[in-house]
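Throughout, numbering of the chain's residues begins at 1 and tracks the sequence. Counting starts at 1 for both ligands and their atoms, in listed order.
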Amino acid sequence: MEIQDIIVSHDNTRNHLDGVTTAIQKGKITTIIGPNGCGKSTLLSVMSRNNMPKSGHVSLESKDLVHYKSKEFAKKLAIVYQQNEIPKDLTVEKLVSFGRLPHNTMLKRNQEEDAKAIDWALACTNLLGKRGTDLEALSGGERQRVWIAMALAQQSEILCLDEPTTYLDIYYQIELLELVKTLNEEHGLTIVMVLHDINQAIRYSDHIILMNAGQIVTEGVPRDVITKAVIKEVYGVETIFNEDEQLGLYMVPLGI
Ligand SMILES: Nc1ncnc2c1ncn2[C@@H]1O[C@H](COP(=O)(O)OP(=O)(O)OP(=O)(O)O)[C@@H](O)[C@H]1O
């Protein structure tokens with residue numbers, strides 16, 4: 001995906017994305033990081049066509065996103081948002097089945113393929129045993145996995161995740177990020193996610209985009225992007241960096 005000179009203003013008073021140019025590499029895990037309000041979710045919403053930029057272009061496989069039909073685009077890219085209200089009286093399987101909508105028309109529906117995709121999505125997210133359970137009866141971690149399962153049932157090539165670890169305890173955060181890694185490595189999905197935890201971004205990303213005030217400050221492989229100086233400049237936080245055989249590179253925040 002090529003992102004060229006994107007300008008977005010939510011309120012026409014200032015640019016919330018101010019000339020963003022980057023590329024999302026196929027088959028890789030890209031993580032967008034940066035301080036609150038810097039434009040991470042806005043960038044993700046432009047990539048997923050939920051926000052039309054004031055100027056600039058986004059293209060996928062050399063075709064501008066504006067030229068994709070909705071269902072055609074949904075087969076290319078699925079997104080899981082940051083906060084999702086849980087619908088009432090809906091089972092896990094029913095919600096996940098909504099992910100099949102782009103593949104069906106009034107006249108054409110392949111129930112066998114739908115069932116296979118739903119089973120696959122439930123298996124990947126470890127929810128086969130919960131398929132008949134009401135969404136309201138799930139824990140926060142399980143709910144997050146159901147939204148991801150719905151996106152997986154869409155069988156798109158790119159999966160966008162906006163702060164997928166929010167509200168999850170450390171166990172479920174790791175479980176979710178391991179799932180992301182498996183989806184990438186074993187199923188070939190291209191992942192674009194927004195994370196706040198810098199150590200998780202270092203550990204799970206092939207490529208990091210660091211944003212501040214609507215612009216990209218720097219991007220590249222984690223160890224080139226995340227440095228003591230850049231964290232001080234962008235977040236205003238003093239850190240120490242360490243490298244451990246088991247952990248790899250990691251950062252400890254010291255203070256502000
Ligand atoms: N619908 C909107 N109307 C007006 N301003 C908006 C709207 N959506 C976002 N903004 C503003 O745009 C800026 C970027 O918001 P965005 O949600 O992209 O940031 P973010 O980096 O994802 O933040 P966070 O880490 O807090 O989730 C913020 O200043 C925000 O207040």
| said: Protein non-hydrogen atoms only, distance under 4.0 Å: does atom 21 (O) of ligand 1 have such a neighbour? | reply: yes
| query | Looking only at protein heavy atoms, which one is nearest to atom 3 (N) of ligand 1, and how far off is it? | reply | His10 CB, 3.5 Å
| said: Check Asp119 with Arg131, please: is the shortest side-chain N to carboxylate O separation under 4.0 Å? | reply: yes
| field | Protein contact of atom 23 (O) of ligand 1 - nearest heavy atom, named by residue and atom, plus distance | value | Gly37 N, 2.8 Å
| task | Give the numbers and elements of all ligand 1 atoms closer than 4.0 Å to a heavy atom of His196. | result | 25 (O)
| request: Check whether any side-chain heavy atom of Tyr204 sits under 4.5 Å from a side-chain heavy atom of Glu178, and report yes or no. | output: yes
| query | Given Thr42, Leu195, Asn51, which one has a non-hydrogen atom that is nearest to atom 15 (O) of ligand 1? | reply | Thr42
| message | Main chain of Leu122, side chain of Arg145: is a donor-acceptor contact present, judged purely on distance under 3.5 Å? | response | no
| For ligand 1, which atoms have a heavy atom of Arg14 less than 4.0 angstrom away? | 29 (O)
| query | Roughly how far, to the nearest 0.5 Å, is the CG atom of Leu159 from the CG atom of Leu189? | reply | 6.0 Å
| Flag if over 12 foreign heavy atoms under 6.0 Å of NE2, His57 | no
| said: When you measure from the heavy atoms of Ser45 to every atom of ligand 1, does any distance fall below 4.0 Å? | reply: no
| field | Taking atom 27 (O) of ligand 1 as the reference point, the nearest protein heavy atom with its distance | value | Glu163 OE2, 3.1 Å
| Has Arg49 got its NZ or CZ under 6.0 Å from the middle of the six-membered ring of Phe73, at an angle within 45 degrees of the ring axis? | yes
| remark: atom 17 (O) of ligand 1 sits nearest the protein heavy atom Ser41 CB, 3.7 Å
| remark: Quick note on ligand 1: atoms under 4.0 Å from a heavy atom of Pro35 include exactly 21 (O)
| Touching ligand 1 at all, Met211? Heavy atoms, strictly under 4.0 Å? | no
| remark: If you scan protein heavy atoms around atom 12 (O) of ligand 1, the nearest is His16 CD2, 3.0 Å
| request: Please say whether more than 12 non-hydrogen atoms of neighbouring residues, nucleotides or ligands are located less than 6.0 Å from CD1 in Ile256. | output: no
| query | Between Gln25 and His207, is any side-chain donor less than 3.5 angstrom from a side-chain acceptor? | reply | yes
| field | Pro53 vs Val8 side-chain heavy atoms within contact, under 4.5 Å | value | yes
| For Lys28, does the NZ atom have more than 12 heavy-atom neighbours from other residues, nucleotides or ligands under 6.0 Å away? | no
| message | Using a 4.0 Å heavy-atom cut-off, which part of Lys40 comes near ligand 1: side chain, backbone, both, or neither? | response | both
| request: Please state whether Gly34 comes within less than 4.0 angstrom of ligand 1, counting heavy atoms only. | output: no
| said: Any protein heavy-atom neighbour for atom 30 (C) of ligand 1 (distance below 4.0 angstrom)? | reply: no
| task | Could you tell me whether some N/O pair between Asn36 and ligand 1 is separated by less than 3.5 angstrom? | result | yes
